[in-house]
Amino acid sequence: MALLEVKDLHARVEEKEILRGLNLTINPGEVHAIMGPNGSGKSTLSYVLAGKDDYEVTGGSATLDGEDLLELEPDERAAKGLFLAFQYPIEIPGVASMTFLRTAVNSVRKKRGEEELSTPDFLRLVRERAKELNIKDDMLKRPVNVGFSGGEKKRNEILQMALLEPKMCVLDETDSGLDIDALKIVADGVNRLRAKNRGFLVITHYQRLLDHIVPDVVHVMARGKIVRTGGPELAHELEAKGYAGYENAA
Amino acid sequence: MPAVQETVERVKSIDVDQYKYGFETKIEVEKAPKGLDESTVRFISAKKNEPEWMLEWRLEAFRRWKTMQEPEWARVHYQKIDYQDLYYYAAPKKQAGPKSLDELDPEILETYKKLGIPLQEQEILAGVAEENRVYSKVAVDAVFDSVSVVTTFKEELKKAGVLFMSISEAIREHPELVKKYLGSVVPVTDNFFATLNSAVFSDGSFVYVPKGVRCPMELSTYFRINEKQTGQFERTLIIADEGAYVSYLEGCTAPSRDENQLHAAVVELVALDNAEIKYSTVQNWYPGDAQGKGGVYNFVTKRGDCRGNGSKISWTQVETGSAITWKYPSCILRGDNSQGEFYSIAISNGHQQVDSGTKMIHLGKNTSSRIISKGIAAGVSQNTYRGQVSAHRKATNARNFTNCDSLLIGDKCGAHTTPYIEAKSSSAVFEHEATTSKISDDMLFYCRQRGLSAEEAVALVVNGFVKDVLQHLPMEFAVEAQKLIAISLEGSVG
């Protein structure tokens, strides 16, 4: 069974239709990339899947493990295993990152019917994962994303991903604002999480991220739907030729 | 539906009658006749076996009060209070003065249990060493309605020389101290509500910490308002003599009812040379029903006098209840090098109106003060910070730092900041920072994408917002406060 199955998905924001019949099937273990010009609806897709307010689904379906995703609240989707790495991670003043991580992990575990982690177990787990992402203890003590550099914010997203153990990871422009070293750390973090029961949807404008997170399938999105699908070579072709041919391709 | 819209809807539907502590205790009560005239004042004074000088003090206040006008400058609106339609004294009938908690009226014990503050347990806790990790001992002077019903740990405090008793008792047993300090911080003529309190105050706490003594335990009063239409007029007087230290905790909840309840307390703190007083409050009185009807009117005068050089007074408050809050815990920085602090969390939801803040009056040299105020408004509530910082011309090198942050939940509530800053000394340095922010949909969505429910998300964000203040509360109080904050904001988001 497909892990994520999106069929003929239509969605709008404030009366404006952004997704116009999008189809996408991701199987467990696969990494898909969606590329496309600005305004093609890439980020909208990630928000619709995660259930953000103001994004109204007007047609079609989306299932995770065969379960209707669109009926669920955002936190229920998270518990079911959908994770969205934000393009612009949100700052939460006064809330220590460690507290945030702990609350998130335990909320999700509770919803999944699992026991909450004990403090020592949790700390051990966080330290381990944080080390892999070159995240220092000091950063975990600071308020969530407040005063973090672009790279720190993105690494923090991947840390959350690692801790919440999702089935389906959506990365929205995770490469934006990263220098090459940060990009490598983030990509390594993602690659470490690749597993046969886990799927990835990597949304990006540029091919360079895909040099590090090598996808199984590359899609081109334009004007709210997938207009072309191919292998990793498609990304290189786009890098060379640009999106010129796709701007009006709907 | 956008989260903010949902919030608004939820707030509309919030049933404040779910008020957690909305129950009444059935206990026979002895009342003064309704209304207020000289005979009421005499009745109260007689009930408490007060000496003549105290009665005169009250009567003088009463005469003064009759000439005063109710203040109208605060940003609060309420139906005019008919002062002749209230009871000014109510006391539990069985007041023979139980020697231990066992002798307490079981109904009272039951009330405390509902509130989660079983006195017996506290007494046991206080004696058990392994429980002493956070705080050594908590002494409870429980005020039930208007009369102190029980005072615990008095003996132990006595060993340290600390006097901790009801103010009525203090008037009888330590008249010299009461005469010297009562009304010395909040004069009888101070303001309408304080003057009313001076005339009819029912009971309250008295603390005296002698020279050089560090009070061996946190002193704590839990009190509830009970009995219909009973104004509650607490009077608290705390004196820290030279080099003394005391931390005092005040926490309260009230049962729900239809009639508005007037509460006009007066708290006076006196810190002599190098003394320190820390006064913490968690206030959770009945805020009224869904239409805002029936909540407590809280008109409180709290003031600390840093009378001695190098003295320090610190106010920390968590205000979540009451229909109307009118409250400005203040510090008079009279002694040279004295310090004043005010840390406040004021939460308003439903139809609550909060007008609260502080005054830091710099009179001495090298005095400093710090104000951290966090206001959270939800529902259709109005939340005002009103603060005054002033430096007398002799207050050279006065320093103040003020930070007022407001957080809005939904778009039907209001947050207002009204600072008054006055420096007559050219060497004064006053800093004022203020921010107003909203819990954004993006913030909530981010939390929910990580698995937090809407309520968990709001609680997390709010706790982050108030963290700077919570950390100034004694540990056991901080936990209670955190619970209260979550309870008060329940139903404020979709």
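Just so it is clear: chains get the letters A, B, ... in the order the sequence lines come, proteins before strands, and each one is counted from 1. Note that the structure is a prediction, hence the values are computed from the model and not measured.
- With a threshold of 4.5 angstrom between heavy atoms, A:Pro143 does not approach chain B through any atom at all.
- For A:Leu101, no part lies near chain B; criterion is any non-hydrogen pair under 4.5 Å.
- Shortest non-hydrogen contact noted between B:Met443 and A:Glu91 is CE-O, 3.5 Å.
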Test A:Asp75 against B:Arg450 for side-chain contact (heavy atoms from CB on, under 4.5 Å), laying out the working first.
CA-CA 7 Å; A:Asp75 44 316; B:Arg450 300 303 185 244; over 6 Å; no
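- No donor-acceptor distance shorter than 3.5 angstrom exists from the side chain of B:Gln449 to the backbone of A:Lys52, with no hydrogens or angles considered.
- Between chain B and the residues A:Pro93, A:Pro166, A:Ala79, A:Pro74, the most heavy-atom pairs under 4.5 angstrom are made by A:Pro74.
- Remark: side-chain polar atoms of A:Lys111 are paired, donor with acceptor, to backbone N or O of B:Gly451 under 3.5 angstrom.
- The six-membered or imidazole ring of B:Phe445 lies away from that of A:Tyr55, with a centre-to-centre distance of 6.0 Å or more.
- Crowding of B:Lys359 atom NZ: a count of heavy atoms from other residues, nucleotides or ligands under 6.0 Å not exceeding 12.
- Remark: B:Lys278 NZ is packed, more than 12 non-hydrogen atoms of other residues, nucleotides or ligands lying under 6.0 Å away.
- Contact of A:Leu164 with chain B is made through the side chain alone, with heavy-atom distances under 4.5 Å.
- Aromatic rings of A:Tyr88 and B:Tyr446 (six-membered ring for Trp) have centroids beyond the 6.0 Å cut-off, not under it.
- Contact record, B:Cys447 with A:Ile92: SG-CD1, 3.7 Å, taken as the closest heavy-atom pair.
- Interatomic distance, B:Arg448 CZ to A:Asp53 CG, rounded to the nearest 0.5 Å: 7.5 Å.
- At least one side-chain heavy atom of B:Leu460 sits under 4.5 Å from a side-chain heavy atom of A:Thr99.
- Looking at heavy atoms from C-beta onward, B:Asn463 lies out of side-chain contact with A:Val95 at the 4.5 angstrom threshold.
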